[in-house]
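The residues of the chain are indexed from 1 along the displayed sequence. Just so it is clear, the structure is predicted and the values come from calculations on it, not from any experiment.
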Amino acid sequence: MVSLAGPSGCLSPYLHTAKLLLSRQVKAVVPAAVSSGHAAVKQRGSSGDSAPISGHFGVRYAHTDIRIPDFSDYRRHEVMDPKKSAQDSSETRRAFSYLVTASTAVVGVYTAKTVVTQFVSSMSASADVLALSKIEVKLSDIPEGKNMTFKWRGKPLFVRHRTEKEITTEAGVDLSELRDPQHDKDRVLNPSWVIVIGVCTHLGCVPIANAGDYGGYYCPCHGSHYDASGRIRKGPAPLNLEVPYYEFPDENTVIVG
């Protein structure tokens, strides 16, 4: 019997309960792997002598009832044998890893290139817009000394067939007299033909051909005078008429754009 000694007071009910619990004899709860012959398991009787506890007790030392998962399906064949070192097959496994990485990188780059190409192509001009970006002019329809106006990209396009006198006059102009110095040979591919955009460089008006003080182009809105090469000679316009890109596939045809 276990006795407890303590002062009386507020703890008396709790001490009395503990005394009753400790005075009860130990009983086996579950079947055990420890037999009654084990001297390590003893109980103290009322006489104070030590005696072995009768019955069997279940003593659990490890979680042996938990099933360990098998990862063999996820392991490489080279490292399945526990008696072999993993270093023996490291070169082969490393080569395989490099191959997979390189293949993934190539596929990723190709995919990115395809996506970017498709995105850029969707933003480019359609076929009908590209068709309007160029204009083909038949030069045999323009007589010498005359100027014809065409619509190109929403702007007037001047194509002028110059005479020999106009070619000689424009080639002999002193560049120091020009507001926007530019030689005539730098503005034409063929001296007989002058191709410029018919938009005044002052405020965007459309000049009149074969007019003005220099016989080229004249803008009546603010009085800008251009010569037969499209260079500003008088008036408020700061720059010469713009020369677009063009080429001559043959003697009688010019393609602008």
Side-chain angles (χ1 to χ4, degrees), residues 117 119-257:
T117 302
F119 178 74
V120 174
S121 299
S122 65
M123 298 180 62
S124 61
S126 57
D128 55 342
V129 174
L130 292 176
L132 295 176
S133 64
K134 294 185 178 182
I135 183 174
E136 181 176 334
V137 179
K138 189 176 181 181
L139 300 178
S140 58
D141 295 338
I142 306 175
E144 185 176 356
K146 298 296 182 179
N147 179 91
M148 291 190 67
T149 304
F150 301 89
K151 184 179 181 180
W152 176 67
R153 295 183 181 179
K155 300 178 181 179
L157 179 70
F158 294 160
V159 180
R160 185 187 187 96
H161 191 179
R162 298 191 300 185
T163 62
E164 290 296 332
K165 180 180 179 181
E166 290 175 335
I167 296 174
T168 304
T169 301
E170 302 306 332
V173 173
D174 186 5
L175 298 182
S176 61
E177 300 178 356
L178 300 178
R179 181 178 302 169
D180 185 12
Q182 194 174 16
H183 199 278
D184 180 69
K185 65 181 181 180
D186 297 330
R187 294 179 56 83
V188 296
L189 297 179
N190 187 340
S192 299
W193 300 96
V194 172
I195 301 176
V196 294
I197 296 178
V199 177
C200 180
T201 57
H202 179 219
L203 292 177
C205 305
V206 180
I208 301 174
N210 297 325
D213 296 345
Y214 298 89
Y217 304 95
Y218 171 66
C219 180
C221 299
H222 303 92
S224 296
H225 298 258
Y226 301 88
D227 58 18
S229 185
R231 297 173 295 188
I232 181 64
R233 303 296 297 273
K234 181 181 178 181
L239 301 174
N240 302 330
L241 294 178
E242 181 183 354
V243 178
Y245 173 81
Y246 63 92
E247 57 185 2
F248 294 96
D250 55 61
E251 296 182 354
N252 295 323
T253 306
V254 59
I255 297 178
V256 181

Of all heavy-atom pairs between [X] and [Y], which one has the smallest distance, and what is that distance?
| X | Y | value |
| --- | --- | --- |
| Tyr217 | Asp227 | CD1-O, 3.8 Å |
| Glu177 | Arg233 | OE1-NH2, 4.2 Å |
| Ile232 | Ala237 | CG1-O, 3.4 Å |
| Val188 | Tyr246 | CA-OH, 3.5 Å |
| Thr163 | Gly145 | CG2-CA, 3.8 Å |
| Asp213 | His225 | N-ND1, 3.0 Å |

Inset, instruction - Evaluate the side-chain contact (heavy atoms from CB on, under 4.5 Å) criterion for residues Trp193 and Val159: first the C-alpha distance (whole Å), next the side-chain angles of each, then the deciding distance (0.1 Å), finally the verdict. - result: CA-CA 7 Å; Trp193 300 96; Val159 180; 4.0 Å; yes

Rounded distance [0.5 Å steps], [atom1] in [X] versus [atom2] in [Y]:
| X | Y | atom1 | atom2 | answer |
| --- | --- | --- | --- | --- |
| Glu166 | Asp184 | CD | CG | 10.5 Å |
| Arg179 | Leu239 | CZ | CG | 9.5 Å |
| Cys219 | Tyr226 | SG | OH | 6.5 Å |
| Ile142 | Asn147 | CD1 | CG | 7.5 Å |
| Arg231 | Asp186 | CZ | CG | 9.5 Å |
| Ile195 | Glu247 | CD1 | CD | 10.5 Å |

Inset, instruction - Considering only NZ, NE, NH1 and NH2 on the basic side and carboxylate oxygens on the acidic side, decide whether Arg187 and Glu170 come within less than 4.0 Å. - result: no

Do [X] and [Y] have side chains that approach each other closer than 4.5 Å (heavy atoms only, starting at C-beta)?
| X | Y | result |
| --- | --- | --- |
| Pro244 | Leu157 | yes |
| Leu139 | Glu251 | no |
| Glu242 | Val199 | no |
| Arg162 | Ser229 | yes |

Inset, instruction - Could you check whether the rings of His222 and His202 sit parallel, tilted or perpendicular, using 30° and 60° as the cut-offs? - result: perpendicular

Inset, instruction - Taking Asp180 for its side chain and Asn240 for its backbone only, find out whether a donor-acceptor pair lies under 3.5 Å. - result: yes

Inset, instruction - Just do the side-chain contact (heavy atoms from CB on, under 4.5 Å) check on Ile197 and Trp152 with the steps written out, would you? - result: CA-CA 9 Å; Ile197 296 178; Trp152 176 67; 4.0 Å; yes

Legend entry - Arg153/Ile135 under side-chain contact (heavy atoms from CB on, under 4.5 Å): CA gap, chis, key distance, verdict: CA-CA 9 Å; Arg153 295 183 181 179; Ile135 183 174; over 6 Å; no

Legend entry - Side chains of Asp174 and Ser176, donor plus acceptor under 3.5 Å: yes

Legend entry - Derivation and outcome, side-chain contact (heavy atoms from CB on, under 4.5 Å), residues His161 and Glu144: CA-CA 5 Å; His161 191 179; Glu144 185 176 356; 3.9 Å; yes

